[in-house]
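Taking it in order: structure first as structure tokens, then the write-up.
So that the names make sense, note that chain A is the first sequence line, chain B the second, and so on, each numbered from 1.
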Amino acid sequence: RALGPAEEAAVDYLLQYGYLQKPLEGPQVFRPEDIAEALRAFQEASELPVSGQLDDAVRARMRQPRCGLEDPFNQKTLK
Amino acid sequence: YLLLGRWRKKHLTFRILNLPSTLPSHIAREALLQAFRYWSEVAPLTFQEVQAGRADIRLSFHGRQSLYCSNAFDGPGRVLAHADIPELGSVHFDEDELWTEGTYRGVNLRIIAAHELGHALGLGHSRYTKALMAPVYAGYRPYFRLHPDDVAGIQALYGKKIPETTDEEEEETELPTEPGPMPNPCSGELDAVMLGPRGKTYAFRGDYVWTVTDAGLGPLFRVSALWEGLPGNLDAAVYSPRTQRIHFFKGDKVWRYINFKMAPGFPKKLNRIEPNLDAALFWPLNQKVFLFKGSGYWQWDELALTDFSRYPKPIKGLFTGVPDQPSAAVSWRDGHVYFFKGGEYWRLNRQLRVEKGYPKSVAQDWMHCHPQTPEPTLPGEGTTRSVTGTSLATTASAVDTDAVSDRTPSAAD
């Protein structure tokens, strides 16, 4: 389904900071489960409740000022 | 921590290409230099500033457009800065941010610079949200220190800092300006306390000075970074609202400053009073400077020729209940005189008699070292008084006025 503006902004954030990986080939379309996994990694790294959902806490965290470098956090590094 | 790479050398040059417009240049420079010191204090790294030519690490501020950086910034908020990993050396700050120092407003330049230098030295982002290398800016922290994860990371790259050698030959070549260890405001004895220009309270220990406000402590600066030419380990410091002069005492010398500029002809030798003073204060009631040593004091009129032949007089004859050999003294903005010794302080009433319940803890009442109490306490007032919304910068810059200034005793008081 089409993403709303808030969801698009969240996906942009996850892409910009390395939680979601751009596919090397093909269209840049992410499956809902890919986004949910990236959100889970972001929540875990940010010490937020892990739900895989784009909730208020995630949105608030994404609005905070930060460094421009990517984060190394994904399910593998968190593990 | 995450490691991204490392420099193949431990002596690195750096160059500051420009500075933010939101801070006086000497404050901004000191913030950047302190950012380097955080890392060089825990790892065997040395940093040398160069004014021209190519440097290993290059610090600059740019905005949405930049001719030399493909990674444009995004205006106030969001991305604050970025840096390259070793051995590239670029460190860029968003010039649209409100870069500040010593206040909760804006974005603290020193902390962000330390974070970006961490990247430039090879550290990636830490998972500890309280670590310096966490990706999100956690706000201003007056008494900032590296997180153990930051220290472990940098030491994984460059090893641990080797303690200074005691070899005699090495001692001879040691730079005289090498600063002593950064003190912990929550322990130990103060060298001096001064109610400075515009009501700012300064605490001195060793080579460092910091401001004390109702809301917390300012960052620690080297004494010589604020007052150029002034050594550390001072004996006493006193500001006179009558003459706007600051006098610092150490050994047999006295330094005079107006704000942060040394007066011509200083330092001078102390001739008419004894060297190695313990403390000094300005007493607004008679507009005189009091100098303390051992069990005696001298009263000095800055604007008249004082006959010191009748001094020193016994401290106890004027200041009842005060300990001998105080380490510091100040006549504070609440109208009370305070003496400091060890980790304790004494408050005097208007009759210059020590009040009941004293001595009390300097760490708790002045330095906000009270982990159980979320609200900082004020000297002599327990824990009930609230913060007055001060946003005290660390030096008396022309741009910051605050509530403290309004309550400062002036010569007219």
Side-chain angles (χ1 to χ4, degrees), chain A residues 3-24 28 30 34-79, chain B residues 1-5 62 64 66 69-85 88 90-94 96-100 106-109 111-120 122-140 153:
Chain A
L3 298 177
E7 290 165 316
E8 268 190 18
V11 168
D12 285 346
Y13 185 102
L14 295 170
L15 262 171
Q16 183 177 354
Y17 296 111
Y19 293 89
L20 263 177
Q21 306 300 322
K22 249 182 210 173
L24 289 174
Q28 187 178 301
F30 297 102
D34 294 334
I35 297 173
E37 185 179 332
L39 281 171
R40 274 194 292 274
F42 178 77
Q43 287 167 323
E44 202 169 329
S46 306
E47 296 178 347
L48 297 174
V50 178
S51 64
Q53 301 293 312
L54 180 60
D55 53 28
D56 288 345
V58 168
R59 275 195 280 264
R61 186 72 175 179
M62 288 180 172
R63 281 196 298 269
Q64 287 190 279
R66 58 161 293 149
C67 174
L69 265 70
E70 282 191 10
D71 301 334
F73 316 124
N74 54 43
Q75 289 305 335
K76 198 186 264 182
T77 60
L78 290 170
K79 203 171 179 180
Chain B
Y1 57 83
L2 181 82
L3 307 180
L4 302 175
H62 71 76
R64 293 170 191 267
S66 173
C69 178
S70 59
N71 202 353
F73 283 116
D74 52 9
R78 292 173 292 184
V79 177
L80 307 174
H82 54 231
D84 285 332
I85 60 170
L88 297 170
S90 292
V91 175
H92 295 166
F93 302 89
D94 186 348
D96 291 334
E97 305 297 337
L98 175 62
W99 296 107
T100 55
V107 181
N108 187 269
L109 176 59
I111 294 173
I112 297 298
H115 175 103
E116 298 305 326
L117 284 176
H119 288 316
L123 290 176
H125 283 152
S126 168
R127 264 207 64 199
Y128 288 94
T129 54
K130 289 194 167 45
L132 171 67
M133 294 311 297
V136 171
Y137 174 52
Y140 172 62

Spatial distance of atom CZ (Arg78(B)) from atom CD (Gln16(A)) [nearest 0.5 Å]: 9.5 Å
Short question: side chain of His125(B), backbone of Glu70(A) - any donor-acceptor pair under 3.5 Å? yes
Within this structure, what is the NE2-CZ distance for the pair His115(B) and Arg66(A), rounded to the nearest 0.5 Å? 8.0 Å
Taking the side chain as every heavy atom from C-beta outward, state whether Cys67(A) and Met133(B) have any atom pair closer than 4.5 Å. no
Between Thr129(B), Ile85(B), Ile112(B), which residue shows the highest count of heavy-atom pairs closer than 4.5 Å to chain A? Thr129(B)
Would you please test Asp71(A) and Arg127(B) for side chain to side chain contact (heavy atoms under 4.5 Å, CB included) and show each step? CA-CA 9 Å; Asp71(A) 301 334; Arg127(B) 264 207 64 199; over 6 Å; no
Go through the atoms of Glu116(B) and report whether side chain, backbone, both or neither lie under 4.5 Å from a heavy atom of chain A. side chain
What distance do Leu69(A) atom CG and Leu4(B) atom CG have between them, rounded to the nearest 0.5 Å? 7.5 Å
So do the side chains of Arg61(A) and Val136(B) get within less than 4.5 Å of each other, counting heavy atoms only? yes
